[in-house]
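To start, the structure under review is shown below, and the notes come after it.
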Amino acid sequence: MLADLGEDARPLAGGHSLIPMMKLRLAAPADLVDLGGIGELKGIRTEGGDIVIGAMTTQHALIADATLAARLPLLGETALLIADPQVRYVGTIGGNVAQGDPGNDMPAVMLCLGASYQIAGKGGERRVAARDFYEGAYLTALAPGEMVTAIRIPVPPQGHGAAYEKLKRKIGDYATAAAAVILTQSQGRVATCSIGLTNVAETPLWAEAAAKSVIGTALDAAALKKAAALAEAIAAPASDNRGPAEYRRKMAGVMVARALMRAQSRAA
Ligand SMILES: Cc1cc2nc3c(=O)[nH]c(=O)nc-3n(C[C@H](O)[C@H](O)[C@H](O)COP(=O)(O)OP(=O)(O)OC[C@H]3O[C@@H](n4cnc5c(N)ncnc54)[C@H](O)[C@@H]3O)c2cc1C
């Protein structure tokens with residue numbers, strides 16, 4: 001239907017980003033295609049070495065799911081920092097990652113975890129790495145008529161530690177700056193690390209240099225300072241009602257240092 005209706009049609013998931021945008025006249029789709037009745041788009045399962053989450057799985061379901069709690073608790077932790085229960089009961093992970101809003105929390109987590117998105121359209125199915133998906137504010141690799149059907153996340157190794165640190169002005173707010181970290185340790189030193197940043201540029205950012213800089217360190221004060229500085233170097237936030245650009249850039253570094261410390265404390 002989406003493909004047949006043309007590029008002015010939009011899928012409607014939880015509607016908690018799309019409807020506010022329509023109210024503000026920032027979006028005016030000619031047609032809405034409600035995904036709510038498609039049962040195959042819901043649910044969380046493991047497939048091979050991956051956790052596969054249907055696009056219409058709600059943020060609330062991520063918090064409540066036992067598989068995620070045991071194998072990938074970072075997702076529930078992040079979902080709990082999104083908005084409030086009312087939004088989380090209807091807002092979906094597919095809508096959150098597909099919208100391309102740099103303020104949404106899940107995209108940076110997906111970059112951090114090396115996730116990929118399953119995409120379906122008239123031409124068939126394809127898979128795009130989250131790290132290649134975001135092209136600009138509200139601009140993604142989705143072509144007209146395509147939709148995200150599922151999110152595929154490689155199961156992190158046993159003993160990993162992860163954390164999402166989000167600075168916000170109040171409950172229900174988008175991030176002033178936020179950072180996702182996953183790491184593993186060996187003999188008290190960081191063996192692998194990946195870092196994602198939320199709302200400090202037009203797209204979510206994968207902070208590759210910052211993550212590489214902590215490998216082989218015990219995450220002492222100097223290592224944390226260096227990682228924070230490397231994250232700040234790639235951040236390019238706008239000044240807005242959450243603060244001036246310089247402050248938000250600095251907070252990106254602070255969130256990275258905090259997330260690294262908390263992830264380390266959780267790693268076996
Ligand atoms: C008060 C409030 C506070 C919020 N705070 C936060 C916050 O702190 N952090 C955060 O991350 N989010 C926040 N949100 C947004 C909320 O999480 C949204 O629900 C979510 O981002 C979008 O999911 P949705 O299912 O509601 O999508 P919709 O609003 O239905 O859709 C969003 C966009 O994605 C498209 N879309 C939806 N599903 C698909 C799909 N499967 N494939 C392709 N395109 C699709 C739609 O066409 C639309 O353009 C907040 C929302 C509100 C109302």
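These numbers come from the heavy atoms of this one structure, side chains and all, not from hydrogens, waters or symmetry mates. Only a predicted model underlies this, so the values are computations on that prediction, with no experimental measurement involved. Read the numbers this way: they start at 1 and go in the same order the structure lists the ligands and their atoms.
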Using a 4.0 Å cutoff against the non-hydrogen atoms of [X], which atoms of ligand 1 qualify?
{"X": "Met147", "value": "42 (N), 43 (C)"}
{"X": "Leu35", "value": "41 (N)"}
{"X": "Gly91", "value": "19 (O), 25 (O), 26 (O)"}
{"X": "Ala13", "value": "25 (O), 27 (O), 30 (O), 37 (C), 38 (N)"}
{"X": "Gln59", "value": "17 (O), 20 (C)"}
{"X": "Gly14", "value": "24 (P), 25 (O), 26 (O), 27 (O), 30 (O)"}
{"X": "Asn104", "value": "10 (C), 11 (O), 12 (N), 21 (O)"}
{"X": "Gly172", "value": "3 (C), 5 (N)"}

[X] versus ligand 1: do any nitrogen or oxygen atoms come within less than 3.5 Å of each other?
{"X": "Asp84", "answer": "no"}
{"X": "Lys166", "answer": "yes"}
{"X": "Leu18", "answer": "yes"}
{"X": "Gly15", "answer": "yes"}

Nearest-0.5 Å distance, [atom1] of residue [X] to [atom2] of residue [Y]:
{"X": "Ile151", "Y": "Asp50", "atom1": "CD1", "atom2": "CG", "value": "12.5 Å"}
{"X": "Leu75", "Y": "Leu68", "atom1": "CG", "atom2": "CG", "value": "5.5 Å"}
{"X": "Arg189", "Y": "Leu219", "atom1": "CZ", "atom2": "CG", "value": "10.0 Å"}

Students should be able to answer this: which protein heavy-atom is nearest to [atom], and at what distance?
{"atom": "atom 49 (O) of ligand 1", "result": "Arg10 NH1, 2.9 Å"}
{"atom": "atom 50 (C) of ligand 1", "result": "Tyr174 OH, 3.1 Å"}
{"atom": "atom 1 (C) of ligand 1", "result": "Val87 CG2, 4.2 Å"}
{"atom": "atom 27 (O) of ligand 1", "result": "Gly95 CA, 3.6 Å"}
{"atom": "atom 33 (C) of ligand 1", "result": "Gln99 CG, 3.5 Å"}
{"atom": "atom 35 (C) of ligand 1", "result": "Pro11 O, 4.1 Å"}
{"atom": "atom 18 (C) of ligand 1", "result": "Ser17 OG, 3.4 Å"}
{"atom": "atom 26 (O) of ligand 1", "result": "His16 N, 2.8 Å"}

In terms of ring plane angle, is the pair Tyr117 and Phe133 parallel, tilted or perpendicular, where the classes change at 30° and 60°?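 Taking Phe133 first and then Tyr117, their aromatic rings stand perpendicular (interplane angle over 60°).
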Check the hydrophobic clustering (I, L, V, M, F, W, Y; side-chain heavy atoms under 4.5 Å; chains of links allowed) and say if [X] and [Y] are grouped together.
{"X": "Met255", "Y": "Tyr174", "result": "no"}
{"X": "Ile44", "Y": "Leu74", "result": "yes"}
{"X": "Leu72", "Y": "Leu81", "result": "yes"}

Backbone, side chain, both or neither: what part of [X] comes under 4.0 angstrom of ligand 1, heavy atoms only?
{"X": "Leu41", "value": "neither"}
{"X": "Leu142", "value": "side chain"}
{"X": "Ala55", "value": "side chain"}
{"X": "Gln118", "value": "neither"}

Would Ile234 and Leu197 count as a side chain to side chain contact (heavy atoms under 4.5 Å, CB included) if you check the C-alpha gap in whole Å, the side-chain angles of each, and the deciding distance to 0.1 Å? CA-CA 10 Å; Ile234 60 165; Leu197 303 177; 4.2 Å; yes
With side chain to side chain contact (heavy atoms under 4.5 Å, CB included) as the criterion, how do Leu41 and Thr149 come out once you've worked through the C-alpha distance, each side chain's angles and the decisive distance to 0.1 Å? CA-CA 6 Å; Leu41 293 179; Thr149 55; 3.9 Å; yes
Quick check on [X]: does its [atom1] atom have over 12 non-hydrogen neighbours (other residues, nucleotides or ligands) under 6.0 Å away?
{"X": "Gln99", "atom1": "CD", "answer": "yes"}
{"X": "Glu7", "atom1": "CD", "answer": "no"}
{"X": "Glu47", "atom1": "CD", "answer": "yes"}
{"X": "Ile171", "atom1": "CD1", "answer": "no"}

For atom 40 (C) of ligand 1, which candidate among Ile93, Thr57, Val148, Leu81 provides the closest heavy atom?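 Residue with the shortest heavy-atom distance to the ligand atom: Val148.
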Pick whichever of Asp101, Asp105, Ile151, Asn199 has a heavy atom sitting closest to atom 7 (C) of ligand 1.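 Minimum heavy-atom distance to atom 7 (C) of ligand 1 goes to Asp105.
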Can a non-hydrogen atom of Thr58 be found less than 4.0 Å from any atom of ligand 1?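 Checking ligand 1 against Thr58, which is what was asked, there is no heavy-atom contact under 4.0 Å.
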Show the numbers, then the answer: is there a side chain to side chain contact (heavy atoms under 4.5 Å, CB included) between Tyr134 and Val97? CA-CA 9 Å; Tyr134 299 98; Val97 301; 3.5 Å; yes
Taking only Lys NZ, Arg NE, NH1 and NH2, and the carboxylate oxygens of Asp or Glu, determine whether Arg266 and Glu77 approach each other closer than 4.0 Å.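 Yes, Arg266 and Glu77 are salt-bridged.
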Is it true that Thr198 and Tyr164 share a donor-acceptor pair across their side chains at a distance under 3.5 Å?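 A donor-acceptor contact under 3.5 Å links the two side chains.
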